[in-house]
Amino acid sequence: MVAAGATATGAWRDHTVKVDATGLAADSWYWYRFRLGDAISPVGRTRTTASPGSTVDRLRMGVVSCSNWQAGHFTAYRHLAATDDLDLVVHLGDYLYEYAPGEFQARDVVIRPHDPPVEMTTLEHYRRRHAQYKSDPDLRALHALVPFVITWDDHESANDAWSGGAENHTEPDEGVWSERRAASQQAYAEWMPVRYEPGGRLYRRFTFGSLAELSMLDLRTYRSQQAAHPLDPAISDPARTITGAEQLRWLRSGLLTANAQWKLIGNPVMIAPVRFPATLSTAELHALSQLTGPLEGVPYNVDQWDGYTADRAELFGALRDNGVTDTVFLTGDIHSAWAADLPADPLGYPLNGNSVGAELVCASVTSDNLDDLLRVPPRTASLAAETAIRVANPHIKHVELDSHGFSVLEVSPRQVRMDWFQLADRTDPESAARLAVSFAVLAGTQRVRRVSGTPLP
Ligand SMILES: [Fe+2]
């Protein structure tokens, strides 16, 4: 035993306990447990990061997002727990959803109803919903096995949240936004494994020796309101922001001065520019717009970095002008699998636009995606949409709009590789998972390329 201590909890923090264990050795596994009287908790395991500058040959992490209780079972977490040699799990947001039963589930079927059975708007609602998600046995087992590095997206508070409100927030019926957001932040601080206090800073950086740094972003707290329309000139207005000025400065300077080789970014919404082609049918465009935000037949998803192009141009320009290499965005939110190069100039790509990095996007653990929204069998309507998107966006090397599951990212000095695992059936608690596809970014290339897969874990 290397450390022990006592701590207090109570109704003031929803009877949760959080201990920031200090004085631990770097790059080591630790086990922990809690006692209350004669009761002893299950044993949990965690891992400390390697010291900056130390040699790390390999890092393996689960990458997940969009785990909607009502849309299925968290079988993806069970398969992740069975994956060999994971050092950590990165959850990119939409860890839980705010909706009432009947508002957002598996197509039209509530697989497991939310508790409380209302849209969460108050502190009591947010606390009960967090408690419900933490009752899932697969999620609990994964938390007990490896450390989670998390950030939030919108549904931890309300759909399409921004600094002054949310699409799914109506004043005055649902109270004042600042109070609702504060309630969501308090429950998050109580229940989630993160050094965060309400009103504080969630974005932060982890270092894994000389191999990698991981910058986790908060793209909800400081962002300007989403543009009303995809053709709204506001999308390129430099006065609007998705990061906030301070976070963008922090990210930019971190990427430019990083001592580690790989610059990984935990990025809640897609940064690759995506133009949706006019060849898609009205139904496909309508379903894509439900997946991605307002669309109306034109190129932009205004809830992603595509709706805040000045911030993206500043970031990509800084990477290009300073010759920064080996930058990889790890992304969630969009309930589909993508791999893309990141051209500073997408219109000229690949003729005159060099890529400044790569983006790897994991599918949803359970949340509805394109075939679900279209109410069609998988691998039917989506095939045409995927082909059309790739043709209209030559920097996008992979897009798959139907599957649910998880990704495993392996980082080595030679390459960063993501393996996408698909669930056979998100509504089946015993669902199998299979390796679908793998893409890698070779060091120094700033390009994704398809590589052969590996056997099932
Ligand atoms: Fe989501």
Side-chain angles (χ1 to χ4, degrees), residues 62-77 89-100 103-107 110-112 114 119-120 126 129-130 132-133 136 139 148 150-162 166-169 184 188 192 216-221 223 226 242 266-272 274 287-295 301-307 329-338 359-374 399-407 420 422-423 426-427:
V63 182
V64 284
S65 78
C66 298
S67 33
N68 180 7
W69 177 278
Q70 299 198 126
H73 297 277
F74 293 162
T75 322
Y77 293 146
V89 166
V90 175
H91 201 301
L92 294 162
D94 295 353
Y95 181 97
L96 76 175
Y97 281 74
E98 80 270 26
Y99 296 110
E103 287 182 345
F104 189 50
Q105 52 271 320
R107 303 194 178 197
V110 178
I111 305 300
R112 308 185 282 181
H114 266 152
E119 180 181 323
M120 53 181 187
Y126 283 101
R129 188 66 54 82
H130 273 281
Q132 180 185 36
Y133 275 62
D136 182 273
L139 178 57
F148 270 51
I150 54 169
T151 188
W152 57 43
D153 194 28
D154 50 342
H155 292 290
E156 283 85 351
S157 54
N159 185 51
D160 283 1
W162 57 285
E167 178 276 333
N168 191 24
H169 178 74
S184 75
Y188 194 87
M192 297 296 282
M216 297 295 289
L217 302 186
D218 171 0
L219 297 183
R220 293 294 165 184
T221 303
R223 78 154 74 195
Q226 287 81 350
I242 187 169
N267 177 43
V269 297
M270 259 182 92
I271 195 164
V274 184
L288 272 171
S289 75
Q290 287 187 48
L291 198 60
T292 62
L295 194 76
N301 171 357
V302 296
D303 189 53
Q304 301 185 162
W305 287 76
D306 265 337
F329 289 80
L330 310 175
T331 305
D333 172 64
I334 193 160
H335 309 176
S336 44
W338 304 66
E359 180 166 41
L360 305 169
V361 185
C362 65
S364 67
V365 169
T366 58
S367 300
D368 269 9
N369 46 29
L370 192 66
D371 60 327
D372 303 321
L373 294 166
L374 287 169
V399 52
E400 190 275 300
L401 299 167
D402 288 340
S403 70
H404 305 278
F406 60 95
S407 289
W420 281 262
Q422 296 177 349
L423 292 174
R426 64 181 161 152
T427 69

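Computed from heavy atoms alone, side chains included, the values below leave out hydrogens, waters and symmetry copies. All ligand and atom numbering here is 1-based and tracks the order in the structure.
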Novice: Are Q304 and I334 packed together at the side-chain level, in the sense that at least one heavy-atom pair is separated by less than 4.5 angstrom?
Specialist: yes

Novice: Hey, are D160 and R223 close enough for a salt bridge, meaning a charged N less than 4.0 Å from a carboxylate O?
Specialist: no

Novice: Look at D154 and state whether any of its N, O or S atoms is less than 2.8 Å from the Fe ion (ligand 1).
Specialist: no

Novice: Is it true that some N/O/S atom of Y97, main chain or side chain, lies under 2.8 Å from the Fe ion (ligand 1)?
Specialist: yes

Novice: From the N, O or S atoms in D94, identify the one nearest to the Fe ion (ligand 1).
Specialist: OD2

Novice: Quick check: does C66 put an N/O/S atom under 2.8 Å from the Fe ion (ligand 1)?
Specialist: yes

Novice: Compute the centroid of each ring, for W152 and then for Y95, and state whether the two points are separated by less than 6.0 Å.
Specialist: no

Novice: To the closest 0.5 Å, what do you measure between CG (D372) and CD (Q105)?
Specialist: 11.0 Å

